[in-house]
Amino acid sequence: MSENAHAAVRVSDQSGGPTPEVVAQLLDVVATHSVDHALSGIEDVIARLRADAEHAAEAREVIRNTPASVLREAMRLRAARIEAAR
């Protein structure tokens with residue numbers, strides 16, 4: 001719904017209460033806001049996922065170039081942390 005349509009919906013302009021047409025327009029305003037809000041949330045999630053994917057790619061690259069002895073010790077430390085958290 002355009003901004004002009006939003007501006008055209010004014011409950012206070014109705015002397016005897018809103019007509020069904022006005023209420024239908026108000027429902028459109030609420031639905032549009034909900035969709036916009038949801039889309040904004042989805043865009044935020046996608047941005048976080050992309051950032052996480054980039055971070056994971058960097059981590060994989062570092063791990064690929066890490067000597068086996070360091071990887072074994074890191075896995076032992078990680079397993080100990082997980083066990084301690086239980």
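The figures that follow rest on heavy atoms only: side chains count, while hydrogens, waters and symmetry mates do not.
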K.L.:
Can Val30 and Leu26 be said to form a side-chain contact (heavy atoms from CB on, under 4.5 Å), step by step?
P.N.:
CA-CA 6 Å; Val30 171; Leu26 291 172; 5.6 Å; no
K.L.:
Compare every heavy atom of Leu71 with every heavy atom of Thr66, then report the nearest pair and how far apart it is.
P.N.:
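In this case the closest contact between Thr66 and Leu71 is O-CD1, 3.7 Å.
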K.L.:
Any side-chain heavy atom of Val35 sitting closer than 4.5 Å to one from Leu39?
P.N.:
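Yes. Closest side-chain heavy atoms under 4.5 Å.
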K.L.:
To the nearest 0.5 angstrom, please state how far the OG atom of Ser69 sits from the CZ atom of Arg72.
P.N.:
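Rounded to the nearest 0.5 Å, the OG-CZ separation comes out at 6.0 Å.
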K.L.:
Quick one: does Thr32's side chain have a donor or acceptor within less than 3.5 Å of a partner on Asp28's backbone?
P.N.:
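At least one qualifying donor-acceptor pair exists.
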K.L.:
Could you measure the distance from the CZ atom of Arg81 to the CZ atom of Arg86? Nearest 0.5 Å is fine.
P.N.:
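Between atom CZ of Arg81 and atom CZ of Arg86 there are 13.5 Å.
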K.L.:
What residues, two or more places apart in sequence or in another chain, satisfy side-chain contact (heavy atoms from CB on, under 4.5 Å) together with Val45?
P.N.:
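Val45 satisfies side-chain contact (heavy atoms from CB on, under 4.5 Å) with Arg48, Leu49 once adjacent residues are dropped.
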K.L.:
The test is side-chain contact (heavy atoms from CB on, under 4.5 Å); show your working for Ser40 and Asp44 and say whether it passes.
P.N.:
CA-CA 6 Å; Ser40 176; Asp44 291 344; 4.3 Å; yes
K.L.:
I would like to know whether Glu61 and Glu58 meet side-chain contact (heavy atoms from CB on, under 4.5 Å); could you show each step before the answer?
P.N.:
CA-CA 5 Å; Glu61 187 61 31; Glu58 291 170 3; 5.7 Å; no
K.L.:
Kindly determine whether Thr19 and Val23 satisfy side-chain contact (heavy atoms from CB on, under 4.5 Å), including the steps that lead there.
P.N.:
CA-CA 6 Å; Thr19 64; Val23 173; over 6 Å; no
